[in-house]
There are 2 protein chains.
Amino acid sequence: MEITFKAINDPTRREILVFLIGGAQNAGEIAKQFSMSKPSISHHLDLLKQGNLILAEKKGQYIIYSLNRSGFELVHGWFQGFAHYFEFPKPKIRL
Amino acid sequence: MEITFKAINDPTRREILVFLIGGAQNAGEIAKQFSMSKPSISHHLDLLKQGNLILAEKKGQYIIYSLNRSGFELVHGWFQGFAHYFEFPKPKIRL
DNA sequence: TAAATATTTAGACATTCGTTTAAATATTTA
DNA sequence: TAAATATTTAAACGAATGTCTAAATATTTA
């Protein structure tokens, strides 16, 4: 939970996630999208993986990253608790 | 966007949000829930407010905080892009 | 008006974070 | 096997973050 929210907190990591909506990509292709060193992107990918937001699959010398449903479900589930609040607002405290 | 994700990133701030599902509360009552100084909680409330996740309304010497729909909608909207990718089951209650 | 209460603001400090360059590991190709 | 390619790991460093205590601001009450 903690690590998943942390992973989503960074703008570069969110951009990586959005980029992967277009389909799985290897680390090099992902890095090309950003004006940032490859080690930095590698670090971001690691955090996204820790947060279960992406999956990594080794294919030869490449590592192919794709979106991982489980991290998104975790966050989505957390937000569901608030969905109820906004649909049925609790009365405010005494005025 | 950036500030909203940042606000959600901290565990204490997420606990405050969950606490406010139970209804609006003043700063002192919120602070009582945590083993942390009042200035720290005040700082967290400020960040949540900046992220449009809570509203602050002054009532006499108290400041009453309540959940703010707009920040939640922002984040929810961002996640919707992934919902299509994963084909999440549609929630029964709209956020 | 003075004291009490509620909350924030300011300043300090240790920890975490994001980035870089250099080096290491793994795989493919010549 | 050696060189080239893909990616990560390590080490360093400035910036951002979360926390605290002390002081300031605003409001209510005696």
Side-chain angles (χ1 to χ4, degrees), chain A residues 1-20 23-68 71 75 92-95, chain B residues 1-20 23-68 71 75:
Chain A
M1 177 84 146
E2 179 66 20
I3 183 65
T4 303
F5 276 105
K6 173 183 165 183
I8 290 175
N9 188 40
D10 183 81
T12 299
R13 292 194 287 269
R14 288 196 301 273
E15 281 189 62
I16 291 173
L17 292 175
V18 169
F19 177 62
L20 290 177
Q25 292 285 357
N26 63 56
E29 288 301 317
I30 295 169
K32 275 186 192 168
Q33 301 295 316
F34 302 89
S35 52
M36 191 180 292
S37 71
K38 284 180 181 178
S40 287
I41 297 297
S42 181
H43 173 61
H44 287 310
L45 290 170
D46 181 52
L47 289 176
L48 287 168
K49 195 169 65 175
Q50 284 184 49
N52 298 302
L53 289 161
I54 61 174
L55 295 167
E57 186 190 0
K58 184 139 192 175
K59 282 276 183 183
Q61 63 187 326
Y62 298 88
I63 299 178
I64 297 172
Y65 289 95
S66 58
L67 294 178
N68 181 355
V75 179
K92 302 287 188 289
I93 71 171
R94 181 172 58 85
L95 302 181
Chain B
M1 177 83 146
E2 179 66 19
I3 183 64
T4 303
F5 276 106
K6 173 183 164 181
I8 290 175
N9 188 40
D10 182 81
T12 299
R13 291 195 287 270
R14 288 197 300 274
E15 280 189 61
I16 291 173
L17 292 176
V18 169
F19 177 61
L20 290 177
Q25 292 287 353
N26 63 56
E29 287 301 317
I30 294 169
K32 275 186 191 166
Q33 302 295 316
F34 301 89
S35 52
M36 189 180 292
S37 71
K38 284 179 181 178
S40 289
I41 296 297
S42 180
H43 172 61
H44 286 310
L45 291 170
D46 181 51
L47 290 176
L48 287 168
K49 196 169 64 175
Q50 285 184 47
N52 298 302
L53 289 160
I54 61 174
L55 295 167
E57 187 188 1
K58 184 139 192 176
K59 281 280 179 181
Q61 63 188 325
Y62 299 89
I63 297 179
I64 297 171
Y65 289 96
S66 58
L67 295 178
N68 180 356
V75 178

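Since the model is a prediction, treat every value here as computed from it, not as a measurement. Every chain is numbered from 1, with letters handed out A, B, ... down the list of sequences.
B/N9 places a side-chain N or O within donor-acceptor distance of the main-chain N or O of A/K6, the cut-off being under 3.5 Å. In this structure a side-chain-to-backbone donor-acceptor pair under 3.5 Å is present from A/T4 to A/G51. The backbone N or O of A/H44 sits nowhere less than 3.5 Å from a side-chain atom of A/R13 that would complete a donor-acceptor pair. Between the side chain of A/N26 and the backbone N or O of A/E29 there is at least one donor-acceptor pair closer than 3.5 Å.
Taking atom CD1 of residue A/I41 and atom P of nucleotide C/dC17, one finds them 18 Å apart after rounding to whole Å. In this structure, NZ of B/K49 is placed 13 Å from P of C/dT7, rounded to the nearest angstrom. Remark: P of D/dA16 and CG of A/N9 are 14 Å apart, rounded to the nearest angstrom. Put simply, NZ on B/K6 is 10 Å from C1' on D/dG18, counting in whole angstrom units. If you take CD of A/Q50 and P of D/dT9, they are 10 Å apart, rounded to a whole angstrom. A straight line from CD1 of B/I63 to C1' of C/dT8 spans 7 Å, rounded to a whole angstrom. Computed from coordinates, the B/K59 NZ to D/dT28 C1' distance equals 16 Å when rounded to whole Å. Taking atom CZ of B/F5 as the reference point, atom C1' of D/dT17 lies 19 Å away to the nearest angstrom.
Counting only heavy atoms from C-beta on, A/A27 has its side chain closest to D/dT8 among D/dA26, D/dT8, C/dT19. Minimum atom distance to the side chain of B/Q61 is reached by C/dA6, of the listed C/dA6, C/dT28, C/dT7. Minimum atom distance to the side chain of A/S42 is reached by D/dT8, of the listed C/dA26, D/dT8, C/dT28. Among the nucleotides C/dT21, D/dT17, D/dA6, the one closest to the side chain of A/P39 is C/dT21. For B/L45, whose side chain is taken as the heavy atoms from C-beta onward, the closest listed nucleotide among C/dT21, C/dT8, D/dT9 is C/dT8. Closest approach to the A/H43 side chain among C/dT8, C/dT28, C/dT19 is made by C/dT19 (side chain taken as heavy atoms from C-beta onward). Relative to the side chain of A/T12, the nucleotides C/dT19, D/dT27, C/dT21 differ in distance, and C/dT19 lies closest. Of the candidates D/dA26, C/dT7, D/dT9, the closest approach to any side-chain atom of B/K58 belongs to D/dA26.
Judged by closest nucleotide on DNA chain C, A/S35 is the one of A/S35 and A/G60 placed further toward the 5' end.
Counting any heavy atom pair closer than 4.0 Å across all strands shown, B/Y65 reaches sugar-phosphate atoms only and no base atom. Within the nucleic acid shown, A/H44 comes within 4.0 Å of sugar-phosphate atoms alone, with no base atom in reach, counting heavy atoms only. Residue contacts for A/D10: at a heavy-atom cut-off of 4.0 Å it reaches the sugar-phosphate backbone alone, with no base atom in range. The residue B/D46 sits apart from the nucleic acid: no heavy atom pair falls under 4.0 Å.
Residue A/S37 places no side-chain N or O under 4.0 Å from the OP1 or OP2 atom of C/dT19. Put simply, A/S40 has a side-chain N or O that comes within less than 4.0 Å of OP1 or OP2 on C/dT20. At D/dA6, none of the side-chain N or O atoms of A/N26 fall inside 4.0 Å of OP1 or OP2 (strictly under the cut-off).
B/Q50 CD to B/D46 CG: the interatomic distance, rounded to the nearest 0.5 Å, is 4.5 Å.
Taking the side chain as every heavy atom from C-beta outward, B/L47 and B/H43 approach each other to under 4.5 Å. A/T12 is listed as a side-chain neighbour of A/F34, based on a closest heavy-atom distance under 4.5 Å. A/I63 has its side chain out of reach of A/E57: every pair of non-hydrogen atoms, C-beta onward, lies at least 4.5 Å apart.
Helical stems involving DNA chain D, defined as 3 or more consecutive Watson-Crick or G-U pairs under 3.5 Å, span C:1-30 with D:1-30.
Exactly one residue among A/L67, A/D10, A/L53, A/L48 makes a side-chain contact (heavy atoms from CB on, under 4.5 Å) with A/I16. That residue is A/L48.
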